[in-house]
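See below for the structure under consideration.
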Amino acid sequence: MDRRPRTVTRRARALAAALAASLALGPAPALAQIENLPKLGDPSGDELSPQAERRLGESVMREVRRDPSYLDDADVVDYLNRFAAPLVATPAAGGQSFDFFAIADPSINAFALPGGFIGVHTGLLMAAESESEVAAVLAHEIGHVTQRHIARMLAQQKQVSMVALATTILALLAARANPQAAMGGVMLGDSLARGSMLSFSREAEREADRVGFEMLRQAGFDSQAMVSFFMRLQQAGRFYESNAPAYIRSHPLTGERIGDMQLRLRETRYRQRPDSLEFTLLRARLRATADDSLEGRRAARGIAEQSVRQSPKAGPGPWYGLASIAFVQRDWPRVDAALAQAQALAGAPHPYFELLGARARLGAGDARAAADRAGRALARFPDARGLARLQVEALVASGQPAEGVRVARDHLLTWRGDARLWQLLSQAHEALGQRADAHRAAAEQYVLLGSPMSALDQLRRAQKAGDTDFYTASVIDARMRDVEADARREFEESRQRGGPR
């Protein structure tokens, strides 16, 4: 798992609060002329249009993906989206599309952005005692989106423009090099969100509870989990008021909300839902690798070793956690031994086991064995995006870039929106000396990462590479026209805030 600096994660955690906080701010003079932002629509209308709200969410996500706290872990992201699919498919979700992403942060939190983008902190997955508890939080955030709370807040502030919203987000991003300034921005956002929007926030929270509760019921999850998890967080907030769980600070819990949930629970039949193996394994891995300091890794290794000694047949989770921390410590024999125990207890192969085993082979310097193992595992688990990435990486590392190009192109037919696969394809072309194709693939990577100006630069480099034919040059020209509009907008925004990033 890619570990990111934690000081920056607080900005991502505060994005939702910043959205609300921006309603209390007027547009900054320096940004007053920003163009090409989504329009709020008819000022006489009640809400931001769904199309503009989606564009706004996509704009925010371009910035989120650039943040070091954004977790590009295929296992975690794919799990979240598969796991949430039954919730999204319920009538209560209203047929809207959603995208779930992960933030590498140990705090217990989740947040909704405009247009159906929902962020989940890794700390939430580690703290939840069941999948139904995770589902309860996701359903609550889906409720915020389906009830269009952000759009309604924007509509209530007629004087607020998209420029004001951009001002708040850019202020958070401008503090990247200054953690103290970043913390100041977060505290300001939290304060404004709680102070100026408190009454509406309470109403919105109750509404999201109601919609989320119905989603849980319709999707077949344990509705009791919403009450139990929120009550546990509330209790933690009472004991540690100065350091309450982040989810409590951004989603204030009241006795009235808890009471309302309990009343709804009385009208619902108890339904037990067993946790999936994926949840058990991911939680074990995240817990084992949460602290990436040298001392933290040693402590995690000790805890994992003690766990499997005391209960060697408790299940595959502890052994997979041990294998994960052994991988971080580059103890390749221990990775293999722990994975063998985990698989034996699971009773069958699993893509997470195969991926970690292949990564261990790559880490040990046997890239060809890593590529072979990933290829065999993909034949059994064709939906494992992490294995697809690893296979291409290992093919390039083992001196098989031509095969890497072929395999990467095949995988991109399934996962065209995967920036990492485009990056690996670029590396494979570069290893073959195919400069134009390398730059073209890098351009697609930058487009997906929300950097159109960088993508345009790569396409220009592809034009000048000197190894293109007429047809390829025409394709590059056409793609440049598609990207130029986004690049012009980013350049204008960069100029307005004082120059390029």
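The residues of the chain are indexed from 1 along the displayed sequence. Below, all heavy atoms of this structure are taken into account, side chains as well, without hydrogens, waters or symmetry copies.
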query = Taking 4.0 angstrom as the limit, do E214 and R210 come out as a salt bridge?
reply = no

task = Provide the closest heavy-atom pair for P50 versus R148 in the form atom of the first, atom of the second, distance.
result = N-NH2, 3.5 Å

inquiry  = So, applying side-chain contact (heavy atoms from CB on, under 4.5 Å) with H411, which one of T414, V407, L413 is it?
reply    = V407

ask   = With a 3.5 Å cut-off and no angle check, do the side chains of S426 and Q445 form a donor-acceptor pair?
value = no

inquiry  = Does this structure show an ion pair linking R257 with D209, if we count only N-O contacts that are shorter than 4.0 Å?
reply    = yes

message = The criterion is side chain to side chain contact (heavy atoms under 4.5 Å, CB included); which residues satisfy it with D75, sequence neighbours excluded?
response = D73, L282, R285, Y352, L355

task = Would you sort out whether F98 and L87 count as a side-chain contact (heavy atoms from CB on, under 4.5 Å), showing the intermediate values?
result = CA-CA 10 Å; F98 288 86; L87 295 169; over 6 Å; no

ask   = Are the charged groups of R385 and D78 less than 4.0 angstrom apart, N to O?
value = yes

query = How are the rings of H140 and H144 set relative to one another: parallel (under 30°), tilted (30 to 60°) or perpendicular (over 60°)?
reply = perpendicular

Pair D292 + R297, salt bridge at N-O below 4.0 Å = no

request  = Please check if the side chain of S451 supplies one atom and the backbone of S454 the other of a donor-acceptor pair under 3.5 Å.
outcome  = no

query = Should the pair R440-D437 be classified as a salt bridge under the 4.0 Å nitrogen-to-oxygen rule?
reply = yes

task = Examine the side chains of Q51 and R54 and answer whether a donor and an acceptor come within less than 3.5 Å of each other.
result = no

message = For a quick check under 3.5 Å, do N109 and S107 share a side-chain donor-acceptor pair by atom type?
response = no

key: Sub-4.5 Å side-chain heavy-atom contact between F100 and V88   = yes

